[in-house]
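Down below is the structure, laid out as structure tokens.
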Amino acid sequence: MLSNAKKEEQQEQHRITTISKLLKAKIKTVKLQVKAAATELQRVQKNYGINTSVNYLEADDRIETKADLQQQRSLVNKVVEDEKIVKNQLQTYQLLEKSPYFGRIDIKNSPTSLPEALYIGTASLIDDQGQFLIHDWRAPIASVYYNGTLGTVTYQTPAGDQTVELIKKRQFKIRNGRLLNMFDTNETVGDELLQTELGAQSSENLRNIVATIQREQNAIIRDTKSDLLVVQGVAGSGKTSALLQRIAFLLYHSRTTLAANQILLFSPNRLFSNYISEVLPSLGEKNMRQVTIAEFFQRRLNGFKVQTIFNRFETAEHPTAITTFKGSREFITAIETYLQRCSSQNLVFLDIYFHGEVYFTRSTITKIYAALPINLPFREKIVATKNHLIKKLQRRSRQDAHSSWAEEILNTLSDEDYHELLAETEHEEFDSFAAEQEYLLLRIARRELRIVYDAIYNNRFWDAASQYIDFLHHVTIPNNVTRLDWDKTIHDFQERLEFHQIHLEDAAPLLYLRDRFLGSHRNQSIKYLFIDEVQDYAIAELMYLKMIFQHAKFNLIGDSEQALFRDVEPAKQLLQELKQALPVKHERLIELRRAYRSTSPITKFASSLLPDGDQIKPFNRSGTLPEIYIEPSYNDLEKRLIKVVSADLNQSDSVAVITKNQEQAATVWQTLRSHFDAHLISDDQRSLAHDVIVLPIYLAKGLEFDAVIGWDLSKKNYPDHHSLGIVYTMATRAMHTLTLLTRAPITPVINLQTSTGSFVKIFNKHKKN
């Protein structure tokens, strides 16, 4: 006789089999619909092409053809939309076929009602009678699965709060129509399922976590009220995954008012962008727009090469007093003060040239600007100046129509060009040949002077870079910066301009000054802006982004303890700084303190490096202690590296050797390439598809690997506690195995004489010798 548990397992398997058959039938049907839609689209497009080749000679034909073409365009658009709908349906069914759902909740809407079983999956599935067989994980009712424990549960809906009684929560592991595991729990996700998921090998791309979302991650995902959402999560807490699930939720929640191209994510580098690229498509959503901060600045500073965060880290690991000042809120405030006090004589206007000669002088432009009302905003002053210059240009173009250069162009026109200019009159009759020539001369003058008009329209009569230099000369520098050092930084900025290069620290302040003065370059289309690894951004950069994306809701995700360019700071202190720099109505800080990525021994070791490491909660996943090998020489260090890589490959799919910088990564790669299929990762890399990879610490941010080998953790390489964020980040990339290699003496960040020593196995070959 079967036990109750076995009976329920059979019932669940039967339901899965039924769902699988239904999905297979739907996939077969929709594939035929996709094929039919593609055929129909080809037919309509072909007809559209034929109908555009018509006779335009007769007026009646032109009117009739215009109406026909409008009808054809509408038909093409409808057929394209129909094809898109059936393709999306097919994608959803194929997504569900692999694993239709992962959770079940049994609820009662009232004490007298019967229990209702609801199944939660990555997308909704409705039967032919309109009944939900699977509920999308983003639906309001699904929050009961993520947030609720057994008993009375309240959840939010568009119609207001609803209350139900949760009487069962069940979790499934399903693969290809087979029930691999199921169990009931009172938690968001039971330890058994988490152990299975977290114990798996790493993959080339980040996986979606909808089946294992925790309560605190769910709070991030479903927040719809915050204008400024700051997520501070310890390494491996799932903050990046929650960020992406949040985007998927927002696209679902605001389906009619929000599109993927209205969401912008600032990511650390291209490698990271590729790493997360499969998460949203795996949930049936389009990817949001992605860009790095350097790429964004470079597009706005057209013609200039902007230093990347990677290159900044490669050239200077720790910020100087000057870079700290330039990245501060005080520096942006100083720009505001400078602009308010800046007289017309301080503005760096430029001569406007035509045919190699000055057409409008700098002094003329200065006089126009100076004559405007003093209290007029910058933007309105610039617009008024441009309008005044355009009127002067129009008057002068009439004079220039009688200039020698205009007459010379007219006399050298080909017959074709001559008649082309005349054609623009729409067959206007001239009283005389002289009138015709007068008209042509004016057309020529205006055409040639277009270059002057473009210069005015595009604000080329004002030099933002030179204005920024003038600001640098006038700003009050802080006490910890010497005048000599400040003058050197101004000189360095000017030198780099000659080569069309700009340091990252200058990009945001320069753009802030330019766009604040011109009142241009605002972006109204972006509704949500996400920044990952926000601890590596300067406050000045965030203030500039807020000015540009003034209507966007900001979502800032990071871990101050993984900061590479500043010292570790508490999350609440960071939020206070952000509130002052980015004034909003509704701000919220969510802290994630539980680390899931690494085994418990690795998490405990990494936490022991931090001043407040006792606040980090490791997930109870067993594993071996991290190991530190202290070797007497560089040669011994290389030999040890080869042995460790070989041992790690026997039990891991991915082994990462992480170095301090790109130069050291290249050297290590040269050592390994003759022994293994090793790949050196550079700043423009997009793929991790190799067994052994070597990369500098900055490019490892946000990534995870089965086994991590930290290279040369010596005091020479990491001399002081400014390196704490780097070493902590390195250690927390490891999921299952962590090995640190070093020469003596070891970096002071790792104090083996304190509690840290109890969380690691030490092999001190140097000491024995």
Under 3.5 Å side-chain donor-acceptor pair for [X] and [Y]:
| X | Y | answer |
| --- | --- | --- |
| N218 | R222 | yes |
| R621 | H736 | yes |
| D223 | S226 | yes |
| Q214 | R594 | no |
| Q290 | S273 | yes |

Evaluate the ring planes of [X] and [Y], with Trp represented by its six-membered ring, and classify them as parallel (under 30°), tilted (30 to 60°) or perpendicular (over 60°).
| X | Y | answer |
| --- | --- | --- |
| Y698 | F310 | tilted |
| Y596 | F619 | tilted |
| Y629 | F763 | parallel |

Presence of salt bridge, [Y] and [X], under 4.0 angstrom:
| X | Y | result |
| --- | --- | --- |
| K579 | E587 | yes |
| K239 | E533 | no |
| D184 | K169 | no |
| D712 | R743 | yes |

Kindly determine whether D532 and T240 satisfy side-chain hydrogen bond (donor to acceptor under 3.5 Å, both in side chains), including the steps that lead there. CA-CA 7 Å; D532 204 1; T240 298; 3.0 Å; yes
In Å, rounded to the nearest 0.5 Å, how long is the span from [atom1] of [X] to [atom2] of [Y]?
| X | Y | atom1 | atom2 | result |
| --- | --- | --- | --- | --- |
| N764 | I746 | CG | CD1 | 9.0 Å |
| L699 | N661 | CG | CG | 11.0 Å |
| F272 | L265 | CZ | CG | 7.0 Å |
| K604 | T599 | NZ | OG1 | 10.0 Å |
| F759 | L752 | CZ | CG | 13.0 Å |
| L641 | H675 | CG | NE2 | 9.5 Å |

Would you indicate whether the side-chain heavy atoms of [Y] and [X] approach each other to under 4.5 Å?
| X | Y | answer |
| --- | --- | --- |
| M182 | Q171 | no |
| F554 | Y528 | no |
| I332 | I539 | no |
| S99 | R175 | no |
| D536 | K701 | yes |
| V210 | L283 | yes |
| V279 | S241 | no |
| I693 | V657 | no |

Would one find more than 12 heavy atoms of other residues, nucleotides or ligands at under 6.0 Å from atom [atom1] of [X]?
| X | atom1 | value |
| --- | --- | --- |
| K546 | NZ | yes |
| Q580 | CD | yes |
| N479 | CG | no |

Pair D492-R496, salt bridge (charged side-chain N to carboxylate O under 4.0 Å, His left out): steps then yes or no: CA-CA 6 Å; D492 177 65; R496 289 183 177 277; 3.4 Å; yes
Donor-acceptor contact present, side-chain [X] to main-chain [Y], <3.5 Å:
| X | Y | result |
| --- | --- | --- |
| T747 | V749 | yes |
| R673 | L680 | no |
| D612 | Q615 | no |
| T489 | D485 | no |
| S646 | I642 | no |
| Q232 | G558 | yes |
| S598 | A734 | yes |
| E505 | A538 | no |
| S237 | V234 | yes |
| Q535 | S560 | no |

Distance to the ring centre below 6.0 angstrom and angle to the axis at most 45 degrees; does that hold for K660 and Y718? yes
Apply side-chain contact (heavy atoms from CB on, under 4.5 Å) to residues I174 and L180 and explain how you reach the verdict. CA-CA 6 Å; I174 302 169; L180 302 181; over 6 Å; no
Minimal non-hydrogen separation, [X] against [Y], with atom names:
| X | Y | result |
| --- | --- | --- |
| P696 | I681 | CD-O, 3.9 Å |
| L724 | P611 | CD2-CD, 4.0 Å |
| A294 | V306 | O-CB, 4.0 Å |
| Y728 | S607 | CE1-N, 4.4 Å |
| Y145 | G103 | CE1-CA, 3.8 Å |
| M288 | I263 | CB-O, 3.5 Å |

For the pair M543 and R329, evaluate side-chain contact (heavy atoms from CB on, under 4.5 Å) and give the outcome as yes or no after the intermediate values. CA-CA 8 Å; M543 291 179 74; R329 180 171 60 92; 3.7 Å; yes
Run F325 and F331 through ring pair (Phe, Tyr, Trp, His ring centres under 6.0 Å) and show every step you take. CA-CA 6 Å; F325 178 48; F331 197 62; 5.0 Å; yes
Apply side-chain contact (heavy atoms from CB on, under 4.5 Å) to T659 and I697, showing your working. CA-CA 6 Å; T659 65; I697 181 61; over 6 Å; no
Before we go on, tell me: are the rings of F530 and F266 under 6.0 Å apart, centre to centre?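 Not close enough - the centres of the two rings lie 6.0 Å or further apart.
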Evaluate N555 against V230 for side-chain contact (heavy atoms from CB on, under 4.5 Å), listing each step before the verdict. CA-CA 6 Å; N555 300 259; V230 180; over 6 Å; no
Sequence neighbours excluded, which residues qualify as side-chain contact (heavy atoms from CB on, under 4.5 Å) partners of E638? Y634, N635, T671, W711
Assess whether side-chain hydrogen bond (donor to acceptor under 3.5 Å, both in side chains) is satisfied between S714 and N717, documenting all intermediate values. CA-CA 5 Å; S714 63; N717 221 12; 5.1 Å; no
